[in-house]
**Student:** 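The structure is given below, and queries will be raised subsequently.
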Amino acid sequence: MNVEGDKMTITAVQARAYLHHLAIESSDPERLANFYAVAMDMDADRVSDTEWHAEGPRRRIVAVKGQDKTLNYAGFAVKDSDSLAGLKAHAKEQSVEVLESPSPYFETGAFAVRDPDGNLICLGLAKADKAQSKGRHAPVQHLTLASTDVRAMMEFYTGKMGFQLTDTVMDEGDEMKTFFSTSNHEHHTIACFQTSTQGIDHHCYEVGQWTHIRDFCDHWASKDIKIIWGPGRHGPGNNLFAFINDPDGNKIEISAELEVIHDRGAGVWPQAEKTLNLWGKGIIRT
Ligand SMILES: [Fe+2]
């Protein structure tokens, strides 16, 4: 904790920031929200001609009219109002422009920042959820971005916003290909792959236990939704995973057993298939 002027500055880790919701653009937001309702056991509601919300226990997706496979914004909630004020002071101290948050899920006082690729990250205090019907346990948990300059993204999230670097993947020429960073006890809440494009790589729901992945896979089978990758186990984070695509081609991950970070420093992994999947086939991003 530092003091900027007379304001305490607080990092994303100190603020215990966690991924609360995502807004994803789509040429057909109704179709997208309805897919999440079916695949991820959520309720879809029309908000306007251009916006639909899919909501389930501890997960919310905003589907907004726009370009397919494009992040509109991500919402990270923090633990209390002092943390929010401190994180805002931290961003300002780091010369990050503080913007208005467009998120409907945050209380007044939320703010937003843009990362070097222009991804809009909203930070705020979560409004109380509507009373939810019982649904499968699958809190939205991490966002993995794609970027042509992963090192600049790492420097922004860890250097300017105070995420903690937990693992990197380096190629044979010692070029950074992936970074994993966290804002709480979870191995990663934001990660980023080096690719030839930029935007979202995937987002993830942490279901906790292996048997819940099995249950999701059985659920998807009953809806004729095919797994595109996995089940497997990642190297960094050591989590079990399975992936599907939504109708726009956004990759959805469900995960279990994601590493809890206590007191270790950042690790380094080789750019290799086994880093992506200890059990089998890896998808190396290019
Ligand atoms: Fe992931």
Side-chain angles (χ1 to χ4, degrees), residues 1-2 4-5 7-25 33 36 42 45 47-48 50-64 66 70-132 139-145 153 156-164 181-186 188-191 200 203-206:
M1 218 174 286
N2 294 314
E4 188 227 5
K7 283 214 180 86
M8 289 293 208
T9 68
I10 285 178
T11 66
V13 173
Q14 289 166 331
R16 313 302 290 168
Y18 67 95
L19 183 60
H20 184 271
H21 58 274
L22 287 175
I24 303 171
E25 295 182 14
Y36 279 84
M42 299 158 94
D45 286 305
V47 176
S48 71
T50 57
E51 188 164 317
W52 283 67
H53 291 180
E55 297 180 0
R58 297 176 61 190
R59 54 188 178 274
R60 308 123 197 115
I61 295 291
V62 176
V64 60
T70 301
L71 180 70
N72 197 259
Y73 56 86
F76 278 79
V78 300
K79 67 175 180 176
D80 56 28
S81 56
D82 286 348
S83 298
L84 185 62
L87 188 54
K88 194 174 183 179
H90 186 278
K92 285 182 176 172
E93 183 192 55
Q94 295 292 323
S95 304
V96 176
E97 189 179 4
V98 169
L99 306 165
E100 291 280 315
S101 162
S103 173
Y105 286 107
F106 286 153
E107 301 281 2
T108 305
F111 69 99
V113 297
R114 284 198 188 277
D115 71 19
D117 284 358
N119 298 301
L120 190 66
I121 308 295
C122 302
L123 298 132
L125 296 176
K127 290 180 181 172
D129 277 334
K130 284 185 260 175
Q132 296 285 355
V140 66
Q141 190 277 320
H142 70 254
L143 170 64
T144 298
L145 298 164
M153 294 285 271
F156 174 81
Y157 284 103
T158 64
K160 294 194 181 291
M161 295 306 295
F163 284 64
Q164 177 187 341
S181 69
T182 189
S183 46
N184 53 41
H185 60 286
E186 300 161 329
H188 54 288
T189 53
I190 282 202
I200 316 178
H203 74 281
C204 182
Y205 303 81
E206 174 69 24

**Student:** Going from CG on Leu143 to OG1 on Thr189, what distance comes out if it is rounded to the nearest 0.5 angstrom?
**Tutor:** 9.0 Å

**Student:** When rounded to the nearest 0.5 angstrom, what distance separates CG in Leu22 from OH in Tyr36?
**Tutor:** 8.0 Å

**Student:** Taking only residues two or more places apart in sequence or in another chain, which ones pass side-chain hydrogen bond (donor to acceptor under 3.5 Å, both in side chains) with Ser101?
**Tutor:** none

**Student:** If the condition is side-chain hydrogen bond (donor to acceptor under 3.5 Å, both in side chains), which residues does Thr11 pass it with, not counting sequence neighbours?
**Tutor:** Gln14

**Student:** Mind checking what makes side-chain hydrogen bond (donor to acceptor under 3.5 Å, both in side chains) contact with Ser103, not counting sequence neighbours?
**Tutor:** His21

**Student:** Any chance the side chains of Ser181 and Thr158 put a donor and an acceptor closer than 3.5 Å?
**Tutor:** no

**Student:** I'd like to know whether Leu125 forms a side-chain contact (heavy atoms from CB on, under 4.5 Å) with Val78, so could you lay out the CA-CA distance, the side-chain angles of the two residues, the decisive distance to 0.1 Å, and finally the verdict.
**Tutor:** CA-CA 6 Å; Leu125 296 176; Val78 300; 3.9 Å; yes

**Student:** What's the shortest heavy-atom distance between Thr182 and Val13, and which atoms?
**Tutor:** O-CG2, 3.4 Å

**Student:** Flag the pair Leu120 / Leu99 as yes when at least one side-chain heavy-atom distance between them is below 4.5 Å, and no otherwise.
**Tutor:** yes

**Student:** Could you list the residues that satisfy side chain to side chain contact (heavy atoms under 4.5 Å, CB included) with Ser48, not counting sequence neighbours?
**Tutor:** Thr50, Glu51

**Student:** OG1/Thr9 to CD/Glu93 distance, rounded to the nearest 0.5 angstrom?
**Tutor:** 4.5 Å

**Student:** Answer whether the closest heavy-atom distance between the side chains of Glu186 and Gln141 falls below 4.5 Å.
**Tutor:** yes

**Student:** Are Ser183 and Ile190 close enough that some pair of their side-chain heavy atoms sits under 4.5 Å apart?
**Tutor:** no

**Student:** At what distance, to the nearest 0.5 angstrom, does CZ of Arg58 lie from NE2 of His20?
**Tutor:** 10.0 Å

**Student:** First locate atom CE of Met8, then atom OG of Ser83, and finally report the distance between them rounded to the nearest 0.5 Å.
**Tutor:** 12.0 Å

**Student:** Enumerate, atom names and distances included, each donor-acceptor pair closer than 3.5 Å involving a side-chain atom of residues 104-115, sequence neighbours excluded.
**Tutor:**
{"from": "Tyr105", "atom 1": "OH", "to": "His53", "atom 2": "ND1", "distance (Å)": "3.3"}
{"from": "Tyr105", "atom 1": "OH", "to": "Glu55", "atom 2": "OE2", "distance (Å)": "2.5"}
{"from": "Arg114", "atom 1": "NH1", "to": "Gly118", "atom 2": "O", "distance (Å)": "2.7"}
{"from": "Asp115", "atom 1": "OD1", "to": "Asp117", "atom 2": "N", "distance (Å)": "2.9"}
{"from": "Asp115", "atom 1": "OD1", "to": "Gly118", "atom 2": "N", "distance (Å)": "3.1"}
{"from": "Asp115", "atom 1": "OD1", "to": "Asn119", "atom 2": "N", "distance (Å)": "3.0"}
{"from": "Asp115", "atom 1": "OD1", "to": "Asn119", "atom 2": "ND2", "distance (Å)": "3.3"}
{"from": "Asp115", "atom 1": "OD2", "to": "Asn119", "atom 2": "ND2", "distance (Å)": "2.9"}
{"from": "Asp115", "atom 1": "OD2", "to": "Tyr157", "atom 2": "OH", "distance (Å)": "2.7"}

**Student:** Decide yes or no on side-chain contact (heavy atoms from CB on, under 4.5 Å) for Leu19 and Val140, but give the supporting numbers first.
**Tutor:** CA-CA 7 Å; Leu19 183 60; Val140 66; 3.8 Å; yes

**Student:** May I ask you to decide if Lys160's main-chain N or O and His90's side chain share a donor-acceptor pair within less than 3.5 Å?
**Tutor:** yes

**Student:** Got a list of side-chain donor-acceptor pairs under 3.5 Å for residues 70-77, not counting sequence neighbours?
**Tutor:**
{"from": "Thr70", "atom 1": "OG1", "to": "Gln67", "atom 2": "O", "distance (Å)": "3.0"}
{"from": "Thr70", "atom 1": "OG1", "to": "Asp68", "atom 2": "O", "distance (Å)": "3.3"}
{"from": "Asn72", "atom 1": "ND2", "to": "Glu25", "atom 2": "OE2", "distance (Å)": "2.9"}

**Student:** Kindly write out the residues that satisfy side-chain hydrogen bond (donor to acceptor under 3.5 Å, both in side chains) with Asp45, not counting sequence neighbours, or none if the list is empty.
**Tutor:** none

**Student:** Considering only heavy atoms from C-beta outward, does the side chain of Met161 approach that of Leu123 to under 4.5 Å?
**Tutor:** yes

**Student:** Using modelled atom types and a 3.5 Å cut-off, is there a donor and acceptor pairing between side-chain atoms of Gln164 and backbone atoms of Asn184?
**Tutor:** no

**Student:** Please give me the minimum heavy-atom distance between Arg59 and Met42, naming the atom from each residue.
**Tutor:** NE-CG, 3.6 Å

